[in-house]
Amino acid sequence: MIGRLNHVAIVVPNLEVAAALYRDALGACVSAPQQLAAHGVTVVFVELPNSKIELLEPLGDASPVRGFLDKNPSGGMHHLCYEVDDIIAVRDHLKRAGARVLGDGEPKLGAHDKPVLFLHPKDFAGTLIELEQA
Ligand code: CO
């Protein structure tokens, strides 16, 4: 059902510092910062040959990643994003299987202007899962 690993997301306290680390120390290609007000984050993508790393910094006081940073001041891995063909069919399948979909359960447009949903980490081996309709 799930397809490619679209990205691994890391929350960081300073996006500029983290982007420079990936660009200069690790020699990766890093996108320009993008503010996603609806998600309360500013994001850059690190392009890897086989996947992407999403670096996230809180945007605004109500940012959903603010609490994560309070618990992990130097940053840390936040979620994995898997690609799916039909996000509604996958969501309905997972709900029938007892998994909890976060928020109102309706897909929102993510950083790539594609529909995304998040699944409760307690239902998936302690890892927050993002599904993106590829
Ligand atoms: Co993501």
Side-chain angles (χ1 to χ4, degrees):
M1 202 165 51
I2 59 170
R4 290 179 66 247
L5 176 66
N6 185 276
H7 60 266
V8 175
I10 299 172
V11 172
V12 300
N14 184 317
L15 195 58
E16 218 170 294
V17 169
L21 182 69
Y22 271 83
R23 188 179 53 240
D24 303 332
L26 294 172
C29 219
V30 180
S31 74
Q34 197 185 345
Q35 294 195 340
L36 302 178
H39 293 269
V41 293
T42 305
V43 56
V44 303
F45 280 95
V46 179
E47 298 288 339
L48 303 177
N50 63 343
S51 194
K52 293 186 277 284
I53 305 296
E54 178 182 68
L55 301 176
L56 299 170
E57 181 185 65
L59 174 66
D61 292 333
S63 173
V65 298
R66 180 81 62 192
F68 181 90
L69 212 46
D70 289 342
K71 279 180 233 146
N72 307 275
S74 53
M77 207 211 81
H78 186 259
H79 65 266
L80 301 177
C81 176
Y82 299 118
E83 295 179 1
V84 296
D85 287 333
D86 183 340
I87 199 164
I88 298 297
V90 172
R91 176 198 66 187
D92 292 347
H93 167 86
L94 288 167
K95 279 169 85 170
R96 279 194 302 274
R100 286 166 286 179
V101 178
L102 299 188
D104 63 6
E106 294 307 316
K108 306 259 182 308
L109 288 184
H112 309 108
D113 279 328
K114 291 177 176 169
V116 302
L117 280 175
F118 287 90
L119 305 172
H120 201 295
K122 289 200 171 130
D123 297 335
F124 291 93
T127 308
L128 178 62
I129 302 281
E130 178 180 18
L131 299 175
E132 179 177 296
Q133 186 163 290

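Remember, it's 1-based here, ligands and their atoms both numbered in the order they're listed.
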- Candidate pair N6 and H112, rule side-chain contact (heavy atoms from CB on, under 4.5 Å), full reasoning: CA-CA 11 Å; N6 185 276; H112 309 108; 3.6 Å; yes

- Report yes if the side chains of V84 and I2 come closer than 4.5 Å at any heavy-atom pair, otherwise no.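 Heavy-atom side-chain distance check passes, below 4.5 Å.
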
- Item | Test item: N72 and V11 side chains (from C-beta on) under 4.5 Å apart, heavy atoms |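 The answer is no; the side chains never approach within 4.5 Å.
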
- Item | Shortest-distance N/O/S atom, E130 versus the Co ion (ligand 1) |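 Of the nitrogen, oxygen and sulfur atoms in E130, the Co ion (ligand 1) lies nearest to OE1.
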
- Apex the Co ion (ligand 1); atoms H7 NE2 and E54 OE1; angle rounded to 10 degrees: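 Value returned, to the nearest 10°, is 90°.
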
- Query: Does any N, O or S atom of H79, backbone or side chain, fall under 2.8 Å from the Co ion (ligand 1)?
  - Reply: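 Given the 2.8 Å cut-off, H79 counts as a ligand of the Co ion (ligand 1).
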
- Trace of the side-chain contact (heavy atoms from CB on, under 4.5 Å) decision for V44 with L15: CA-CA 8 Å; V44 303; L15 195 58; 4.0 Å; yes

